[in-house]
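Below, read A as the first sequence line, B as the second, and so on, with proteins coming before strands; counting in each chain starts at 1. What you are looking at is a predicted structure, and each value in this text was computed from that prediction instead of being measured.
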Amino acid sequence: MNFARRLHAGSAEATVGGSHQASLPLAIDDMTVAYDRKPVLWDVDLDLPAGQVIGIVGPNGAGKSTLMKAALDLIPKLSGRVLFYGQPYAKQRHLVGYVPQRETIDWDFPVSALDVAVMGCYGRIGWFRPVRRQDREQAMSALSRVGMADFAKRQISQLSGGQQQRVFLARALAQDAQIYFMDEPLAGVDAATEKMIVALLHELRSAGRTVVVVHHDLQTVAEYFDQVVLLNMRVVAAGPTGATFTPENLEKTYGGRLTLLDQAAQAVANPDIQSSS
Amino acid sequence: MNHRLAQLRIGALSAITLLSSVTDVSADTWQSDVWRVLRLQDYNTRVVLLGTLILGIACGVVGTFTLLRRRALIGDAASHATLPGLAIAFMIMAARGGDGKFLPGLLLGATIAGLLGMGTILLIRHTTRLKEDAALGIVLSVYFGFGMALLGVIQKMRTGHAAGLEAFIYGKTASMLAADAWLIAGMAVIVMVACALLFKELALLCFDQEYAAARGYPVRLLDIALMMLITLAVVTGLQAVGLILVIALLIIPPAAARFWTNHLGYMCLIAALIGGISGVIGAGISAMAARLPAGAIIVVVAGVFFFISMIIGPARGMLYRGLHAYSLRRKTGEQHLLRVLHEWQEVTHDTAMPFDEAVKARSWSSAYLRQLIRAADRRGWVRPFTGTWIELTEAGHREAKRVVRNHRLWETYLIHYAQIAPHHVDHNADRIEHVLGAEMVEELERLAGESADRKPMSSPHPLLMPQPGGQGNT
């Protein structure tokens with residue numbers, strides 16, 4: 001019944017490009033997101049291709065993390081539609097891995113590196129059930145992939161910044177997702193970790209996975225990413241790095257404040273100010 | 001007399017003499033009460049102690065999650081919010097001609113009121129911009145105030161016998177019946193089973209709420225489930241501990257347990273253990289002396305456990321941290337000594353350094369320097385000290401090279417990357433170099449363009465070393 005309805009809906013959408021969207025890891029249509037009524041992302045349209053390493057780049061406050069969180073239903077959208085492989089996120093969670101920003105973590109929490117990696121397996125274990133041996137093994141192999149097997153028993157505050165980041169990558173790896181969202185995984189890590197993480201991104205790409213990375217270091221964009229999304233409250237440009245990561249587009253993204261958009265956002269948030277400004 | 005000696009052996013005498021001074025019950029009956037409790041002769045006592053044991057365990061387990069979720073005080077709001085429920089349940093039961101102090105009825109009323117209190121907190125948090133602490137304060141005081149007002153009304157009611165309700169404020173195990181204790185034990189077991197089933201979900205909620213949400217866990221529902229468990233635990237503890245102090249059973253055992261372990265599962269176990277033992281000891285003492293509020297004793301016992309844990313806990317206790325800081329200071333001092341000897345040799349090409357020069361090299365007291373030399377001697381880094389000359393051994397030489405190299409790598413890094421003036425660098429490098437890990441050293445080598453097999457690099461700034469016979473620089 002459900003299946004039939006879905007098929008039907010699929011064929012109806014095929015005429016407007018639905019079948020094309022179904023193959024895309026991520027398709028965002030006309031998404032607008034606001035914090036406390038102040039819009040931070042306007043009308044985002046974004047189709048991300050499979051098997052690529054994609055960087056999201058833009059100035060502070062451009063809405064890079066917000067884009068990820070809204071796509072993952074972590075914050076509400078004012079409008080728009082987000083599809084993962086043609087389906088809403090709620091139906092495709094198992095295909096999507098997420099590495100949050102390091103600042104959001106309580107490092108004093110009594111968990112070891114292995115405990116954190118095992119969390120990636122929770123979706124497979126299911127409710128009310130304890131962690132099984134095979135989950136711990138899977139988590140251990142994820143830790144080995146990021147070179148953290150020797151630190152499995154360490155409490156997370158006893159790890160360096162780079163090591164902490166690797167552990168959280170291992171958690172996403174243990175989930176074995178198809179598309180990975182990583183929020184600033186390279187921020188504040190040592191050079192060895194950065195090299196390791198970038199190698200891992202490319203390894204995931206070779207395995208057919210799609211990796212979306214919020215990135216802040218413009219110097220390394222061309223080297224690390226196949227595709228780039230330039231973001232500043234709206235998508236300034238998106239596409240293959242060579243064609244997209246151009247001085248003109250960067251100027252549009254970073255150059256000057258987007259005074260009109262910003263003022264409009266302020267006005268929406270605070271109608272009282274409008275008259276005085 | 002023999003009787004008394006036996007008690008001595010059990011080690012309860014100090015508590016007993018303390019207690020007998022505050023009770024006016026005649027000494028003979030009182031001591032036989034104590035004896036009965038200690039030997040668990042009485043079925044009722046046995047069940048009451050079992051009940052408080054399980055209560056303490058359940059509170060320790062739930063408390064671990066609330067503490068880690070940084071919601072430690074929510075249990076306080078829940079417990080104070082139960083008072084109007086107790087009062088209304090009493091009034092209803094008394095008005096219908098029943099026993100107003102029928103425990104299941106009272107606890108049902110308390111649970112409903114407690115849950116309403118939790119609901120009010122959620123409502124305030126989600127509909128206004130008030131922060132959680134304000135919501136807690138409002139719910140705690142308003143519900144408690146309302147409950148106190150209702151108690152006042154009950155005092156004036158003809159039905160009387162309201163005096164027993166105060167037991168729920170301060171806690172009283174002396175009047176507890178076996179049936180009450182079984183009820184409490186049953187509720188506590190429900191809380192424990194729920195915590196065990198939801199262990200990994202609650203752990204994820206407390207640790208990384210955003211990730212839990214991204215993975216599809218109903219974070220808000222889990223949060224409500226945790227609040228319900230807290231309410232249930234608090235209601236369970238009302239009779240034994242009292243609503244004012246039951247929060248202590250939720251906070252103190254987990255906080256004490258954190259000093260012992262870095263592992264969530266063990267933290268739960270240790271918190272359960274401390275909670276259970278505190279419950280039994282407190283309830284036992286209160287059962288012996290009817291005038292001593294059980295809640296107060298339970299909390300004091302738990303407090304003793306907390307202070308012991310805070311001092312000797314191996315995971316993060318004060319003693320452990322102190323020892324760690326001391327050994328780091330000691331290690332730093334020893335490395336400084338090695339570096340001074342090494343640099344002396346670089347400048348003077350002399351393998352032995354006069355004691356007086358070494359004293360001048362850093363602002364050491366000669367007593368401290370002797371201490372350092374003894375420590376370095378124990379490690380085999382310097383030759384046995386004769387009183388005037390300090391000399392590195394072969395092993396000491398190798399270690400000194402490593403230490404000096406790390407120091408200079410760090411100095412070079414500071415000069416080139418942190419833009420610190422070269423003459424300031426020595427002092428800055430001093431503090432960090434001793435904690436450099438292998439990974440950081442590799443990174444520094446890469447930045448300084450050094451390879452790992454190179455010989456000790458030269459100092460990036462002129463060495464400030466007292467010249468033999470000359471004036472020492474600072």
**Message:** Does B/Arg215 qualify as a cation-pi partner of A/Tyr122, given the criterion of NZ or CZ under 6.0 Å from the six-membered ring centre and within 45 degrees of its axis?
**Reply:** no

**Message:** Between A/Lys153, A/His94, A/Lys69, who has the most heavy-atom pairs with chain B when the cutoff is under 4.5 Å?
**Reply:** A/Lys69

**Prompt:** For B/Tyr266, does the OH atom sit with more than 12 other heavy atoms under 6.0 Å from it, leaving out its own atoms?
**Reply:** no

**Structural part of B/Asp208 lying under 4.5 Å from a heavy atom of chain A** = side chain

**Asked** Ignoring hydrogens and geometry, is there a side-chain-to-backbone donor-acceptor pair from B/Glu201 to A/Phe128 under 3.5 Å?
**Response** yes

**Item:** CE (B/Met228) with more than 12 external heavy atoms under 6.0 Å
**Value:** no

**Complete:** Counting heavy-atom pairs under 4.5 Å with chain A, the top scorer among B/Met267, B/His263, B/Glu210 is B/Glu210

**Message:** Could you check whether atom NE2 of B/His324 has more than 12 heavy atoms from other residues, nucleotides or ligands sitting under 6.0 Å from it?
**Reply:** no

**chain A contact via B/Ala315 - which portion, at a heavy-atom distance below 4.5 Å** = neither

**Asked** Do you know which of A/Leu74, A/Val118, A/Asp115 has the most heavy-atom pairs with chain B at a distance under 4.5 angstrom?
**Response** A/Leu74

**Asked** Which of the residues B/Val219, B/Leu197, B/Asn262 is involved in the greatest number of heavy-atom pairs with chain A at under 4.5 angstrom?
**Response** B/Asn262

**Complete:** Between the CE atom in A/Met119 and the NZ atom in B/Lys200, the distance rounded to the nearest 0.5 Å is 11.5 Å

**Prompt:** Side chain, backbone, both or neither: which part of A/Phe181 has a non-hydrogen atom closer than 4.5 Å to chain B?
**Reply:** neither

**Message:** Does any backbone or side-chain atom of B/Phe199 lie under 4.5 Å from a heavy atom of chain A? Answer side chain, backbone, both or neither.
**Reply:** neither

**Complete:** Counting heavy-atom pairs under 4.5 angstrom with chain B, the leader among A/Trp127, A/Tyr89, A/Tyr98 is A/Trp127

**Item:** Test log, rule side-chain contact (heavy atoms from CB on, under 4.5 Å), inputs A/Ile156 and B/Phe207
**Value:** CA-CA 12 Å; A/Ile156 49 171; B/Phe207 175 55; 3.7 Å; yes

**Request:** Look at B/Gly216, B/Ala196, B/Ala213 and state which one has the largest set of heavy-atom pairs under 4.5 Å with chain A.
**Result:** B/Gly216

**Item:** Toward chain B: residues of residues 99-113 of chain A with heavy atoms under 4.5 Å
**Value:** A/Pro100, A/Thr104, A/Ile105, A/Asp106, A/Asp108, A/Phe109, A/Pro110, A/Val111

**Fill in**
Greatest number of non-hydrogen atom pairs under 4.5 angstrom with chain A, of B/Ala214, B/Gly265, B/Ala212, falls to B/Ala214

**Asked** When you look at CZ of A/Arg129, are more than 12 heavy atoms from neighbouring residues, nucleotides or ligands closer to it than 6.0 Å?
**Response** no

**Request:** Using a cut-off of under 4.5 Å on heavy-atom pairs, state which of B/Arg70, B/Gln209, B/Arg258, B/Arg316 scores highest against chain A.
**Result:** B/Arg258

